[in-house]
Amino acid sequence: MKAVVKYEEKPRATRLMDIGKPVCGEDQVLLKVMAAGVCGSDVDIWNQNIGFKIKPPVVQGHEFCGVIVEKGERGKHFQINDRVVCETAAQICGECVYCRTGNYNQCPNRCGYGALIDGAFSEYVAVPERILHHMPDTLSFERASLTEPCCVAYNAMIVKTQIQPGKPAVIIGPGTIGLLCIIMAKLAGAYPVIAVGRSSSANRMEIAGQLGADILIYSDREDPRDAVRKLTGGIGVPVVCDCAGNTSTFKLSMDIVAPNGQITKVGWGPAPIDVSIDPIVQKGASIQGSFSHTWDTWETVIRLIDAGRINLEPFSRFIFGIDDWEKAFEAMDSRQAVKSVILPNA
């Protein structure tokens, strides 16, 4: 079968290969992949610009959905031809305190698709039944493939962040996750929602406005610190979400967060943060990390998507066949696309 494989830990060491079809284990199903989203981390892996471990050769891709074509002997809850979306926790221990309390995203033995386990930029993928969710019949595969990043944003803004309706929130970085965090902040009642980005991401900033951002700040045109001071009378905002993940955006987060406020860090960075965090001490503010998601988040987000509460229209405009995977990656890398979606079996 065709698959997009990161074969070596070097920049652009990824290519389309013909590999063997995966074998379905007794606790697994074999999924015919109908749509798989290209994450910013997929592009970072492609460029070898990552701050997390990978295990090449590995098939990339972790945002996906499809149709079950085979099931293992122990399968109980899903049938052949079921339309499903799949979580990213390909492997967990099932025994640690995190797994036992439903927080398996923090399992120390967790391995994710597309980095440590073969992912979904392929015609088929074998997945454990425990991380599958039924897709509503009204939901297209292209949009269902966006469930995973929606879950990342939901976990960050709804589960991990203390948003108070009617109080402001700043989202830094208008990438896919940043834009989805804007949607979630609006759902939680934040006002105004402020998006911070650069002119090089002008198209994404425009989409931020379409998705509900009340104020757009272009950081290369005006200092966001001054803008936030004017807006809040010099106090700062109670919530800042850093979706960019570099030193400059984290320093900005510390500068604009209000005393006793919260910084939620979602963005990954390949380099260490090189800045003092003493302002957090002085302000009595908190730093909250947010990683991945759990079963309940997926069920909730699927309902929100199906009910039309999450506007996915701007995220499903760039669709590619697997032979054009490199164009899909380039569209994301150049910021032309907010999200590329690959259809491995088109």
Side-chain angles (χ1 to χ4, degrees), residues 27-29 31-42 61-68 71 75-79 82-94 98-107 110-115 117 119-120 125-161 176-177 179-185 187-188 243 264 266 289-312 315-316 339 341:
D27 295 316
Q28 293 182 315
V29 304
L31 203 63
K32 182 178 182 180
V33 182
M34 301 307 294
V38 179
C39 179
S41 65
D42 289 312
H62 61 269
E63 306 174 0
F64 61 100
C65 60
V67 175
I68 295 173
K71 57 179 292 188
K76 297 179 181 178
H77 306 293
F78 295 87
Q79 304 301 323
D82 279 356
R83 304 165 78 246
V84 295
V85 290
C86 185
E87 297 182 35
T88 58
Q91 178 179 303
I92 58 173
C93 74
Y98 303 107
C99 288
R100 289 178 179 271
T101 56
N103 298 297
Y104 52 85
N105 57 321
Q106 298 296 340
C107 173
R110 178 190 183 277
C111 293
Y113 287 111
I117 301 257
V125 62
V127 301
E129 191 184 65
R130 63 175 170 80
I131 52 173
L132 291 178
H133 300 263
H134 288 287
M135 274 177 57
D137 291 337
T138 52
L139 188 59
S140 71
F141 288 114
E142 290 84 356
R143 297 202 175 187
S145 69
L146 300 167
T147 307
E148 194 276 340
C150 289
C151 289
V152 171
Y154 183 95
N155 188 56
M157 301 309 295
I158 307 297
V159 178
K160 298 294 186 181
T161 304
T176 301
I177 300 301
L179 293 172
L180 290 169
C181 281
I182 288 170
I183 294 175
M184 300 305 171
L187 284 174
C243 296
T264 299
V266 186
S290 181
F291 173 70
S292 194
H293 27 64
T294 57
W295 189 91
D296 183 61
T297 293
W298 276 74
E299 289 293 303
T300 301
V301 166
I302 289 168
R303 288 194 298 271
L304 287 171
I305 293 174
D306 192 43
R309 300 296 300 276
I310 300 175
N311 178 12
L312 293 180
F315 301 90
S316 53
K339 171 66 68 175
V341 176

Criterion side-chain contact (heavy atoms from CB on, under 4.5 Å) on Thr294 and Gln106, from CA distance to verdict: CA-CA 10 Å; Thr294 57; Gln106 298 296 340; over 6 Å; no
From CA spacing to verdict: side-chain contact (heavy atoms from CB on, under 4.5 Å), Leu312, Leu180: CA-CA 9 Å; Leu312 293 180; Leu180 290 169; 4.2 Å; yes
Derivation of the side-chain contact (heavy atoms from CB on, under 4.5 Å) call for Ile310 and Tyr154: CA-CA 11 Å; Ile310 300 175; Tyr154 183 95; over 6 Å; no
Val341 vs Phe141, side-chain contact (heavy atoms from CB on, under 4.5 Å): CA-CA, chis, key distance, verdict: CA-CA 10 Å; Val341 176; Phe141 288 114; over 6 Å; no
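A side-chain N or O of Thr101 and one of Asn103 form a donor-acceptor pair less than 3.5 Å apart. Neither side chain, Arg143 nor Thr138, offers a donor N or O lying under 3.5 Å from an acceptor on the other.
Below 30°, between 30° and 60°, or above 60°: for His293 and Trp298 the angle between ring planes is above 60°, a perpendicular geometry.
Interatomic distance, SG of Cys99 versus CG of Asn105, reported as 9.5 Å (0.5 Å rounding). Between the SG atom of Cys151 and the CD atom of Glu63 there is a distance of 10.5 Å, given to the nearest 0.5 Å. Between the CG atom of Asp296 and the OG1 atom of Thr300 there is a distance of 4.5 Å, given to the nearest 0.5 Å.
With sequence neighbours excluded, the residues forming a side chain to side chain donor-acceptor pair (under 3.5 Å) with Tyr104 are Glu87, listed by chain and number. Listed by chain and residue number, nothing satisfies the ring pair (Phe, Tyr, Trp, His ring centres under 6.0 Å) test with His62 (two or more places apart in sequence, or in another chain). Scored by the ring pair (Phe, Tyr, Trp, His ring centres under 6.0 Å) test, His134 finds Phe78 as partners (sequence neighbours excluded).
Residues Gly66 and Met34 come closest through the heavy atom pair CA-CG, 3.6 Å. When all heavy atoms are compared, the tightest approach of Ala188 to Ile158 is CB-CD1, 3.7 Å. Across every non-hydrogen atom of Lys76 and Glu129, the tightest pair is N-OE2, 3.0 Å. Across every non-hydrogen atom of Ala120 and Ala36, the tightest pair is O-CB, 3.8 Å. The minimum heavy-atom distance between Cys111 and Ile117, with the atom names listed, is CB-CG1, 3.7 Å. Asn155 and Ser292 make their closest contact through ND2-O, 3.2 Å (heavy atoms, listed as atom of the first residue, atom of the second, distance).
Between the side chain of Lys339 and the backbone N or O of Val38 there is at least one donor-acceptor pair closer than 3.5 Å. Not a single donor-acceptor pair under 3.5 Å links the side chain of Thr88 to the backbone N or O of Tyr113. In terms of modelled atom types and a separation under 3.5 Å, the side chain of Arg130 and the main chain of Asp27 share no donor-acceptor contact.
Here the side chains of Phe64 and Glu148 are not in contact, with every heavy-atom distance at 4.5 Å or above. Side-chain contact between Ile68 and Gln79 is absent, with no heavy-atom pair separated by less than 4.5 Å. Annotation: side chain of Thr176 is not in contact with side chain of Cys39 (no heavy-atom distance under 4.5 Å). In this structure, the side chains of Cys150 and Ile305 come closer than 4.5 Å at one or more pairs of heavy atoms. For the pair Leu31/Val84, a side-chain contact is recorded, criterion being any heavy-atom separation below 4.5 Å from C-beta on. Counting heavy atoms from C-beta on, the side chains of Asp306 and Arg303 never come closer than 4.5 Å.
The environment of Arg309 atom CZ is sparse: at most 12 non-hydrogen atoms of other residues, nucleotides or ligands sit within 6.0 angstrom.
Considering Arg83, Glu142, Met135 in turn, Met135 is the only one that fulfils the side chain to side chain contact (heavy atoms under 4.5 Å, CB included) rule with Cys65.
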